[in-house]
Every structure is written in C-alpha cells, then in structure tokens.
K.L.:
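Sharing a structure, written as structure tokens. Questions coming.
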Protein chains: 2
Amino acid sequence: MTRVATTLKDVAKLVGIHPATVSRALNPRTSHLVNPATVARVRKAAASLNYVPNPMASGLRTARSHTIGVVIPDLTNPLFPGMVRGIQDTLARAGYTPLLVNTDNDPEVEAHVVASLRARRVDGFILATARRDHPFLLELSEKFPVVLINRVTESGQFPSVTTDEMHGIRLAVDHLVGLGHRAIAHIGGPAWSSTGHERAQAFSRAMKSHGLSTARRMAAVDAWSVESARETARALLVAQPAITAIVAANDLLALGAMSAGRSLKLRCPRALSVTGYNDMPFMDIVDPPLTTVRVPQHDIGAEAARLLLSLLRDDAQSPVKHVRLTPELIERGSTAPPLRGD
Amino acid sequence: MTRVATTLKDVAKLVGIHPATVSRALNPRTSHLVNPATVARVRKAAASLNYVPNPMASGLRTARSHTIGVVIPDLTNPLFPGMVRGIQDTLARAGYTPLLVNTDNDPEVEAHVVASLRARRVDGFILATARRDHPFLLELSEKFPVVLINRVTESGQFPSVTTDEMHGIRLAVDHLVGLGHRAIAHIGGPAWSSTGHERAQAFSRAMKSHGLSTARRMAAVDAWSVESARETARALLVAQPAITAIVAANDLLALGAMSAGRSLKLRCPRALSVTGYNDMPFMDIVDPPLTTVRVPQHDIGAEAARLLLSLLRDDAQSPVKHVRLTPELIERGSTAPPLRGD
DNA sequence: CCGTTTTTGGCAATCGATTGCAACCGGACA
DNA sequence: TGTCCGGTTGCAATCGATTGCCAAAAACGG
C-alpha cells in the first residue's frame, strides 16, 4: 500500500523529462507538439510502468468527467437492456462511461436521479423517460447535451433516436387486414408517452387508409403493464364483441390483451388475433408466440450514443437531429385469419 | 458559461470564513470540529448557492471515487437486471455509483473491462462472472474489495452472495418425485460455472436421497443457452426414452428442454415435466408456464452491495463472508404427474 | 556566420476539496 | 497576572494532470 498507482511524474522521472512533456506526449491531441522520438520513449516508459492516467485529476483540470448519465424507467423492463448495451458498447469505444439510473416512471424520482448525475458531473444525458410534456428537460438541455431515446417530447425540440411508429403500426394493421380482419381495435399506451400517442395516431391513420372505422375501438391504458391492459382490453371486448383483432401499443399490452381474451373464452389466435410492439426477449416463446413489430434495440442505443458524442465534439449548435430507425414486422402465432369473414 | 458550478470558495466567501472550514462543516465526519453555529450558517449558505461538491476534486484528494465496478456477463440476460437494480438501489443510498460492464462470458473481454474499471479508479468490484477456476481474481482481490454474486470460485476464498443451490434443486426434485416421477434427468449448466457444477451435484444427491438412480440421465451443456439445451436434451431423450421429467439447471435450459420435447412429440407437461431455475421475468407466460425455482434477484444484488460497503468501511480483513439466500419453488404448468406410473 | 523563425520542452499556475499543523480566542486555574 | 487548555478557525500543502507562456535549442535564410 506504499504507492497505489504510478503517475505522470514517475514516467517523467524515468524518461528524464518534465511531467508536462509526458502529458503532451501521451495525449493524442497534443502529441504533435513533442518530438516523435521523445513520444516514443515516453510511450515505452509509460507502458513499462503500467501507467494509467487518473481520470479524477484530468477531469478536475478539464472539467469533463467522460461520463454520461443514462436515465431509463426500469432496467427490468426487457425493452431497455438491449438499448443500454448499445449505449455502453458505443460509449466505451469513445472512452466514455455510462452512469445508469432508474426512475420507475416517477417524475419525482427522475428529478432526484438527474440531480445526482449532475452532482457526479456527467458530460451529457441520454434519457428514455421523456414525457410528451416534460418539466425540466428544457432547462437541462440548456446546460448539457441531451439525447432522447424511444420516447420524445411533444415539441420535438430535442435530439432523439426513435423508431418510425407510423410505419411499425402500419405494418401490423396491414398484416391483420391482409389476413381478412376488419373489426380491429387498438389498446393504446398512456397518453403522457409519445409512443402511446403516436402509435394511436398511426393506428387510426392506417385504418382510415383501408377505409375501416375505428369508432369505439380505441382505448388507452394508464400504465405500460400487463394488468392495466388486461382490464382495458376486457372492457373493450365485452363492449364490442365484433372485434376480431387487437393491435396493442407494446408487447406487455399485447400479453394483457391475450389474457383478457382468454378470460372471455376467446382463444388466440382462432377467435382473437393480437399484435405487439417492440419484440422483447421471449416473445417468441410465449403462448402463442407473439406477432409483433421489432424495434432495433441495440441500434437505438448505439445511435443515441453516437449522436451524443457528436454533440459533445462540436459544441456548435448544429440543427437538432432526429434519427428514425425502421422497425419490421415479425409474424408469429398470435395472428390468424378471423373465424368468419366479416 | 461564465461559471459552471459554485465551489467551496464561493460558499466560504458568502459566509466570510475560510474554505477549509466550510469543507469541515459540510463533511459529517469532521463537522464536530466546527462551531455548531458556524455549521448552520455554512449549511444555509451552501443551500442558497446550490452548492454541490465536486467529486473529482474530493476524489483526487482522497483517492476514492465512490464508484463500484459491476461486472456481469450480459445485461440482456433477464437474470441480471433484477440484481443490478438491487445493487444500484443499495449503493446509491450510500453515495456510491455503480459502473456497469458486460463481458459476454468471454474471459478476454472480462480482463479488458476490469482493466478499464481500474483505470476509472473504482473503489471495489461486484462480479457475476466468476468461473470455478478464475485467472486474475486473486490478484484483483488483493488490491480491491471484491464480492461475487450468483457464481463463486472453486476455492470459496472470496466473499459472495449466492442462493442455496442444494436447497433449490432439492425443492424441484422433491416436487417431481411427489408427482410420481421416477425417471428424472438433469440438464446441467456449463462445467466451468459454479452454479452448473453445484446444481448437478445437488441433483444427484437429492435423487440419491430418494433412492433413485441418475445413471445416464445427467448431461451438461456448453453454454447457458436455449439452443445448447435443445440439442443436449434431445440427445438425452432419444437415448433414454423412459425419462418422464427433466430438472434443468436454469430457465433457459428448461425452455430448450421443452422445445426438444416438443420436437419429439413429447408434450409438456403431459408427456414430459420440466423445471427451471431462477424464475426469470415472463416465465409465467411461456407455454406452458414454467415451474421453476425462484431466486431473489433484487436481494442478491442488495446483499452484495451491503457486503461490499461493509468491506469498504472496515478495511480490517474480517473473515470472508458468504451470504446464502434461500430460493423457493414456484409451481406452474410445466410439471404434472407422469402419464403412467413408472 | 549572424539574425530570424520554428521546434521542443520546462516552469508554474490551475482545477476544487481535504487535512496536518499552527494560531488564536476566551476562560479556568494557580 | 501568567500559564495552560480546549475549542475553533486559518494557512498552506497536497492529490495528478493540463496548459498558457516563455526560453532554450535547432533549423533556416541570406
């Protein structure tokens, strides 16, 4: 425990030069200021001493922690680990480390964890917790580079990486219509969430383009949960027995809808077809395997990280960038032609 | 962008005292050295200025980053997010931040990410990647507090938090025997993993205690994956058609076993009962719902964090502590009495 | 061969908080 | 009245890396 780690000074002593020169030699951005031969000697000495720069020291001096706050609702929601991996992998390659926090979808918790990330002096934020109308996001984005993923705000004034909801929902509707369904319902996500909102809009447009009615066939849940969807779907199916198919705003809601159908003796897919959204892990082995819209989770995270890194690089306010990735339909067992043509 | 954040000096100026005194006043460990009245004034001033200490500065001085390296195989494996949440929640309350990395079960990647965590000057490690015989763990644990979760090493010389595998597997075996099964097989985990090893051992002991044979009824996979289990289980079922039940070493392997059974026209649970281990999310909605041994994921993480924090506190080498949590059996639809009594 | 430009590298200040040491204060005690 | 003491607070060094500024050295031009 005499000496914990070797420092710049140790390397300098070994090479016989000043620590400042070592610093310059080791930093790619400044190494052109020092004689290539010296750089080589420094590199060798640093390697031989196992020198690793102390990020707290450099961070103190440069006021950059090389750390990114990543705020997600809940890591145990299988939608997010893939995105987090995408973020981690991309940030790591650029020398940044993500600091991960959960909010449990509670705005108060969110305010708290964001504050603690600021206390940690993160250099930027990736947020998966945007609400359509977000309280402190504006203030945050004035002080830090911010990228939203998955969800966005109403105003669209922040850089974001999302999927093309319109396209995804259209794929699901087209698929069901192609199977012969006409009476198709939508179980929408919470109204405060952009994904819920946009998918509902996308649903009614897609239906309209097929000349189909959505009257009394659209409902929204309070929370992205199986239970919430079960109740909502049950009420809808009871009120509208003609419904033969449900487009759910995400996989959890689809599971809830299937469960509601089961409780009403509507077996899926014979009596009721259901589609999900996201294609979370294991959706291929539930009963029945879920037809769903797959979003490229890893890519969303990776794109978001790239976007944030570019914001970090050119401080210049380039125009706000929105990246939209394209989802694809995964056809499985939860959809089939309706029992009787309508 | 004139002034990024307020510092100790700002607070000191406002109160009219020396920064050192402010530091002492704000630090609970040293505030007894300062006049209570002064402490109060300092607190008020700090609050009014929104003062937040700079962790890089204090970290530089104290050589502690208040940061913990958390090394897991793969965040997208649903077993881990729960543990990570447990770790995060507990560490956060103590003012520590986890730095999360994945290894994809690759020892080389692990060496690399551990090195990068050391570069970040983490104060300790929580590792979910132990192999029975682990290369650099000893060296690491000499320099840092280390706690293992989920898996342990052969030698058992490192603090750890695990579940009682013996008990968990016994629950599964007892359950199947109680249903009337006699020809019970085991699909074991990879041999390099302590969980795989211990569960296999537990299985043969539990069977023995019932007076049942395990001869030619135990196999092990190469990797914790559905595919690997599918092949292994299929071979086993073909070679030993008398088998009526399978105890899998984890849920993924159980899913693989069920899939293998299906491909051999052995419907689960009528012709083949299967149990899993871990009770990952969604195991209640797969087809059929999986009977499995639930491990308290959040608690494992929380216990590990607590254990590490206590190691961080008393540097004194207290005896190596092993925490064992008790799993419970969750009975669902994948197990039933055998078709014909054996 | 001398004056000038360009390289190269040293010096020292700086980032913000912590902490050993010393100084100061008022009061107690002899 | 002088000494001592405990309680407070200030001073200054320190952690390790970065960087503006300047000086020495080298290269260059005429």
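Chain letters run A, B, ... following the sequence lines, proteins first, then strands; residues in each count from 1. Side chains are part of it too, since the values below use all heavy atoms of this structure and drop only hydrogens, waters and symmetry mates.
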K.L.:
Among all residues two or more places apart in sequence or in another chain, which pass the side chain to side chain donor-acceptor pair (under 3.5 Å) test with A:T195?
P.N.:
A:S193
K.L.:
Test of understanding: with side chain to side chain donor-acceptor pair (under 3.5 Å), list the residues that count as partners of A:S116, not counting sequence neighbours.
P.N.:
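For A:S116, no residue satisfies side chain to side chain donor-acceptor pair (under 3.5 Å) once neighbours in sequence are set aside.
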K.L.:
Side-chain N or O of B:S23 less than 4.0 angstrom from OP1 or OP2 on C:dT18?
P.N.:
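Yes, B:S23 has a side-chain N/O under 4.0 Å of OP1/OP2 on C:dT18.
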K.L.:
Give a yes/no answer on whether the side chain of A:S58 brings an N or O atom under 4.0 Å of OP1 or OP2 in D:dG16.
P.N.:
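So the side chain of A:S58 is outside the cut-off, no N or O lying under 4.0 Å from OP1 or OP2 of D:dG16.
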K.L.:
When you measure from every atom of DNA chain C, which of residues 27-40 of chain A have a heavy atom less than 4.0 Å away?
P.N.:
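Those residues are A:V34, A:N35, A:T38.
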K.L.:
From CG of A:L8 over to P of C:dG9, roughly how many Å is that when rounded to an integer?
P.N.:
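Checked: the CG to P distance equals 15 Å.
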K.L.:
Quick one: does B:R324's side chain have a donor or acceptor within less than 3.5 Å of a partner on B:T163's backbone?
P.N.:
yes
K.L.:
Send over the distance from B:H18 NE2 to C:dA22 P, rounded to a whole Å.
P.N.:
16 Å
K.L.:
Output every pair passing side-chain hydrogen bond (donor to acceptor under 3.5 Å, both in side chains) with a member in residues 19-30 of chain B, not counting sequence neighbours, ordered by first then second residue.
P.N.:
none
K.L.:
Atom pairs, N/O to N/O, protein against nucleotides 13-15 of chain D, distance under 3.5 Å?
P.N.:
| unit_1 | atom_1 | unit_2 | atom_2 | d |
| --- | --- | --- | --- | --- |
| D:dT14 | O2 | B:R61 | NH1 | 3.0 |
| D:dC15 | O2 | B:R61 | N | 3.4 |

K.L.:
Give me the ring orientation class for B:H66 and B:Y96: parallel if the planes are under 30° apart, tilted from 30 to 60°, perpendicular past 60°.
P.N.:
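Tilted, since the angle between the ring planes falls between 30° and 60°.
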K.L.:
Using side chain to side chain donor-acceptor pair (under 3.5 Å) as the criterion, list what pairs up with A:R61, not counting sequence neighbours.
P.N.:
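Checked A:R61 against side chain to side chain donor-acceptor pair (under 3.5 Å); zero matches.
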K.L.:
Under the rule for side chain to side chain contact (heavy atoms under 4.5 Å, CB included), what residues qualify as partners of A:R85, not counting sequence neighbours?
P.N.:
A:Q88, A:D89, A:H298, B:D74, B:L75, B:T76, B:N102, B:D104
K.L.:
How would you list all residue pairs meeting side-chain hydrogen bond (donor to acceptor under 3.5 Å, both in side chains) that involve residues 34-55 of chain A, not counting sequence neighbours?
P.N.:
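Pairs touching residues 34-55 of chain A that pass the test: none.
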K.L.:
Kindly write out the residues that satisfy side chain to side chain donor-acceptor pair (under 3.5 Å) with A:S160, not counting sequence neighbours, or none if the list is empty.
P.N.:
A:H322
K.L.:
Give each protein N/O atom lying under 3.5 Å from an N/O atom of nucleotides 20-28 of chain D, with the pair distance.
P.N.:
| unit_1 | atom_1 | unit_2 | atom_2 | d |
| --- | --- | --- | --- | --- |
| D:dG20 | O6 | A:R24 | NH1 | 3.2 |

K.L.:
Would you work out how much the helix from C:dC1-D:dG30 to C:dA30-D:dT1 bends between its ends, with each end axis defined by five base pairs, to 10 degrees?
P.N.:
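Computed angle between terminal axes is 50°.
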K.L.:
How many Å lie between CE on A:M56 and C1' on D:dA17, as a whole number?
P.N.:
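Checked: the CE to C1' distance equals 13 Å.
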K.L.:
In terms of side-chain heavy atoms, does B:R120 have a donor or acceptor partner in A:T97 at a distance below 3.5 Å?
P.N.:
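A pair is found: one side chain offers a donor N or O, the other an acceptor, under 3.5 Å apart.
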K.L.:
Measure CG/A:D10 against C1'/D:dA17 and give the value in whole Å, please.
P.N.:
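From A:D10 CG to D:dA17 C1': 13 Å.
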K.L.:
Return each pair, listed once, that meets ring pair (Phe, Tyr, Trp, His ring centres under 6.0 Å) where at least one residue sits in residues 13-33 of chain A; pairs must be two or more places apart or across chains.
P.N.:
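Output for this query is empty, none listed.
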K.L.:
Using modelled atom types and a 3.5 Å cut-off, is there a donor and acceptor pairing between side-chain atoms of A:D123 and backbone atoms of A:I68?
P.N.:
no
K.L.:
Check for a donor-acceptor pair, side chain of A:T103 on one end and backbone N or O of A:E110 on the other, with a separation under 3.5 Å.
P.N.:
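Not confirmed, A:T103 side chain does not pair with A:E110 backbone.
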K.L.:
Specify the separation, in whole Å, of atom CG of A:L26 and atom P of D:dT19.
P.N.:
13 Å
